[in-house]
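Just so you know, ligand 1 is whichever comes first in the structure, and atom 1 is the first atom listed for that ligand. Note that this is a predicted model, so its numbers are computed, not measured.
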Amino acid sequence: MPVSFTASRGGAAVRCGDVKIRVIGGGPGGLYFALLLRKSTAEHEIEVFERNRPDDTFGWGVVFSDETLGNFLHADPATHERITDGFVHWDRIDTHVKGEVIRSGGHGFSGIARRRLLQILQERCRELGVALHFERELSPEEALAGADLIVAADGVNSRIRTAMADQFRPDIAIGKAKFIWLGADRAFDAFKFFIRTDDAGMFQVHAYPFDAEHSTFIVETDEATWRRAGLDRMPVADGVAYCEKLFAPELDGARLLVNKSEWIGFRRVKNATWHADNVVLIGDAAHTAHFSIGSGTKLAMEDSIALAEAVRDHRDVTSALRAYQEARWLDVAKLQRTAETSQAWFENISRYRDLAPTQFAMSLMSRSKRVTHANLRMRDPAFVDRVDRWYAASQGHGGSAPTPPPMFVPLTLRELVLENRVVVSPMCQYSAQDGQPDDWHLVHLGSRAVGGAGLVMAEMTDVSRDGRISPGCAGIYRDDHVAGWRRVTEFVHRNSKAKIGLQLGHAGRKGSTKLMWEGIDQPLPAGNWPILSASAIPYYGHSQVPRAMTRADMDDVRADYVRATERAIEAGFDLLEVHMAHGYLLASFLSPLTNRRTDDYGGSIENRMRYPLEVFAAVRAAWPAERPISVRISATDWMPGGIEDADVLAIARALKAAGCDVVDVSTGQTVPEAQPVYGRMFQTPWSDLVRHEVGIRTITVGNVQDWDQVNTILASGRADLVALARPHLFDPYFTLHAAAEQGWGGVHWPVQYLPAKPR
Ligand SMILES: Cc1cc2nc3c(=O)[nH]c(=O)nc-3n(C[C@H](O)[C@H](O)[C@H](O)COP(=O)(O)OP(=O)(O)OC[C@H]3O[C@@H](n4cnc5c(N)ncnc54)[C@H](O)[C@@H]3O)c2cc1C
Ligand SMILES: Cc1cc2nc3c(=O)[nH]c(=O)nc-3n(C[C@H](O)[C@H](O)[C@H](O)COP(=O)(O)O)c2cc1C
């Protein structure tokens, strides 16, 4: 039984039956809301105003997933039936690149012409008695006067949103790429990604069928390519001819069609709120999601379902609109985030120009993080088998049967062979006495080596006593530390196939602080030691003030690094990592937020990296040529004014030239006021950036939660090694578990534990 809906007009309560609802915009969002509300209650007066004629419609087809269709069935079976009657189905996504077609099946999508969808929604509105007014463009003033509820379904350029911008507080970002929404007079037999490069640059097409004779054909390219091609200066018709010529092999005689088509940048719309007074935004007026995930119409129609339910179930406008927003906010935010990740992949597509077609397709398929190696295996095992075979072969391990999952493909770095690509990320234990590792370190690192990881990194280990973060930090600054570490490396080498690395560090301005569990980064109340940094800026206002390093300090610290390196050789480590991340001493030179120097070590990125590179060169010279070195960097400070992508690339290029084998790409911890955006695999985009733009191996780290994500990252070429920190704290046997769960027998089990090995 619907709850009666009351509203207040001019301060007076409006009786049920008198409520006037005005919908601005007869797109999918506006029409669907009107028909659903009319269906659930005949009490309100609902009118839709649309500026176009009933048959006018821009664009071509829309896509829906099977899940979205389930929502439509529930909301109104009659609409669902008509929509599904008009459908073209496909379950394959084909990537056409460099003369190859990589096919991936099992995706389950349906397409319908936008024109047909609107006809169905209009018909259904008429049947249910919704008043539709076409060719009626309402100004915001007209739209907002004299109705109890105003539904702004007026699309991406919503004038109502603009007129009430101070209340909705829209946030609109224009994408870096240019695209044009075209049609093709051919129904492709799958969803198609066509990738072509000409003298101007790289172009991509997103194409899918929407009826028996036609497909949507969206051409997209980066702005520089678009300008080089002259598309900015050509009439649209000439630009379309350009695309027809470029994609002639894929079109195979089909023609491209226009319908109010023009080259534009994608408008990503968000609003601080979707309702104000008695006005509510739905669909594109409220939020947009990049077309590469094909969800705009779905989002608009799901908004309509939620708003119609809220109006039906609440007694007053304010609580109905609040309930609508609450019902939709999280889902929309998640989808927008997915869409932004997908959009960024396409905007940076030229980064992937050198990938082999198979890996290119894998990177494309997994771009938004929602589709993973394991999802794809469920959808289409043959596709994933092909990816895995390609991956193993590309790393020099082809031909072995069975093919290992990507995480179990060995990696050779100089003369060091890692059995698999799982890294136990360095984790301070705050359990050493004057730098000396003890039984805790032996058990902690030893058990993780026994657990099967390819590389176990010991924690940040300081090159000097004054370089420690806390009194509990491990060090390698006294000769007798060597024996303590040797005990650990010998255990690891004797009892596992893991290799063990040491991370050399100096805490810089974050030194002389409490143990993690007593107050991370908080200054010690007593017993402090002098601290150094690039500039004399304390971490917190109440932190100890570091001394800006003099040249003499630089010489001393560099010498400490070299002596520590010599001890690390004696201690038997296989790999060395130089810590240039997380705001510690060397990082403090790299970030403009912590380096305010005006000498040769501050200012430009060349100057800021001068000292860290000097230390690196000294360490590299002291470390055996056959053993690899990695460097951990913070690729963003998560703060305006901090390190930028261009700086990161300059650093990675310089490190590569200086003999660094792997860049371990972390982020943040530079300044306490940083605003990191956490999410699964949240730091991997920077690993992807460094790996492809610089052509150096990378380790990614940060919220990698399971082995499926590890395989996805590796197979798609986003990193060469995957480090996990916290997951290894609750599961030292992460790698053995991963092998068992994937049925992979090629992992080393300690003989003592063989009874547990799955057969
Ligand atoms: C290139 C491209 C490809 C896309 N591909 C897909 C896809 O494959 N699948 C998908 O689901 N979505 C896709 N979308 C998104 C999709 O088109 C929109 O997300 C969807 O149409 C949103 O529906 P809506 O009802 O909110 O807005 P719209 O469909 O934009 O409808 C708004 C309506 O309001 C009318 N209007 C505006 N102002 C006024 C006024 N003042 N008075 C009267 N009428 C007014 C307009 O004429 C229009 O008809 C794509 C978008 C683009 C740009
Ligand atoms: C207890 C703890 C100690 C850490 N110590 C270090 C360290 O010594 N050196 C370092 O570079 N990162 C250190 N980190 C960061 C981790 O190596 C890793 O980058 C971070 O935890 C993100 O990975 P995760 O999401 O898998 O935990 C530490 C993290 C934790 C949880």
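Under the 4.0 Å criterion applied to side-chain N and carboxylate O atoms, Arg328 and Asp303 are assigned as salt-bridge partners.
Assignment of Gly702 to the shell around ligand 2 is supported, since a heavy atom sits closer than 4.0 Å. Contact between Val701 and ligand 2 is present, with at least one heavy atom of the residue lying under 4.0 Å from the ligand. Phe64 does not count as a contact of ligand 1, since none of its heavy atoms falls under 4.0 Å from the ligand.
Taking the centre of each ring, His287 and Trp274 come in below the 6.0 Å mark. No close placement of the Phe33 and Tyr324 rings is indicated, their centers lying 6.0 Å or farther apart. Between His206 and Phe193, the ring centre distance stays below 6.0 Å. Ring pair Phe179/Phe291: centre-to-centre distance below 6.0 Å.
Closest to atom 26 (O) of ligand 2 among all protein heavy atoms lies Ala725 N, 2.8 Å. Looking only at protein heavy atoms, the nearest one to atom 9 (N) of ligand 2 is Gln503 OE1, 2.8 Å. Among protein heavy atoms, the minimum distance from atom 13 (C) of ligand 2 is reached at Pro426 O, 3.0 Å. In terms of protein heavy atoms, atom 6 (C) of ligand 1 is closest to Tyr208 OH, 4.0 Å. The protein non-hydrogen atom at the shortest distance from atom 21 (O) of ligand 1 is Arg114 NH1, 2.7 Å. Nearest protein heavy-atom neighbour of atom 36 (N) of ligand 1: Arg51 NE, 3.7 Å. Nearest protein heavy-atom contact of atom 30 (C) of ligand 2 is Met427 CG, 3.7 Å. Here the heavy atom of the protein found nearest to atom 3 (C) of ligand 2 is Cys428 N, 3.2 Å. With hydrogens left out, the protein atom closest to atom 42 (N) of ligand 1 is Leu138 N, 3.2 Å, a heavy atom. Atom 14 (N) of ligand 1 has Trp181 CH2, 4.1 Å as its closest protein atom, hydrogens excluded (heavy atom only). Among all protein heavy atoms, the one lying closest to atom 20 (C) of ligand 1 is Thr297 OG1, 3.7 Å. Ranking the protein heavy atoms by distance from atom 33 (C) of ligand 1 puts Glu50 OE1, 3.6 Å first. Nearest protein neighbour of atom 18 (C) of ligand 1, counting heavy atoms only, is Asp284 OD2, 3.2 Å.
Under the 3.5 Å distance criterion, with hydrogens and angles disregarded, a donor-acceptor pair is assigned to the side chains of Glu47 and His133. Judged purely by distance below 3.5 Å, without hydrogens or angles, the side chains of Ser634 and Thr670 never pair a donor atom with an acceptor atom. Donor-acceptor pairing under 3.5 Å is lacking for the side chains of Thr288 and Asp284. With 3.5 Å as the limit, one finds no donor-acceptor pair spanning the side chains of Thr636 and Trp686. There is no side-chain donor-acceptor pair under 3.5 Å between Thr684 and Arg718.
Each of Phe194, Phe217, Phe191 was compared with Tyr208 under the ring pair (Phe, Tyr, Trp, His ring centres under 6.0 Å) criterion, and only Phe191 meets it.
If you check each of Gly61, Gly155, Ser65, Pro140 against atom 27 (O) of ligand 1, the one with the closest non-hydrogen atom is Gly155. Comparing heavy-atom distances from atom 19 (O) of ligand 2 across Met460, Gln683, His582, Arg632 singles out Arg632 as nearest.
Ligand 2 has a nitrogen or oxygen under 3.5 angstrom from a nitrogen or oxygen of Asn703. When only interatomic distances are considered, the shortest N/O to N/O separation between Arg726 and ligand 2 falls below 3.5 Å.
Proximity of a side-chain donor or acceptor of Arg115 to a complementary backbone N or O of Asp55 within less than 3.5 Å is detected. A donor-acceptor pair is defined here as one N or O able to donate and one able to accept, closer than 3.5 Å; such a pair exists between the side chain of Asp154 and the backbone of Arg159.
Heavy-atom proximity to Pro727, at under 4.0 Å, picks out these atoms of ligand 2: 26 (O). Of all atoms in ligand 2, listed by their number and element, those nearer than 4.0 Å to a heavy atom of Ser425 are 16 (C), 17 (O), 18 (C), 19 (O). Listed by atom number, the atoms of ligand 2 under 4.0 Å from Leu724 heavy atoms are 26 (O).
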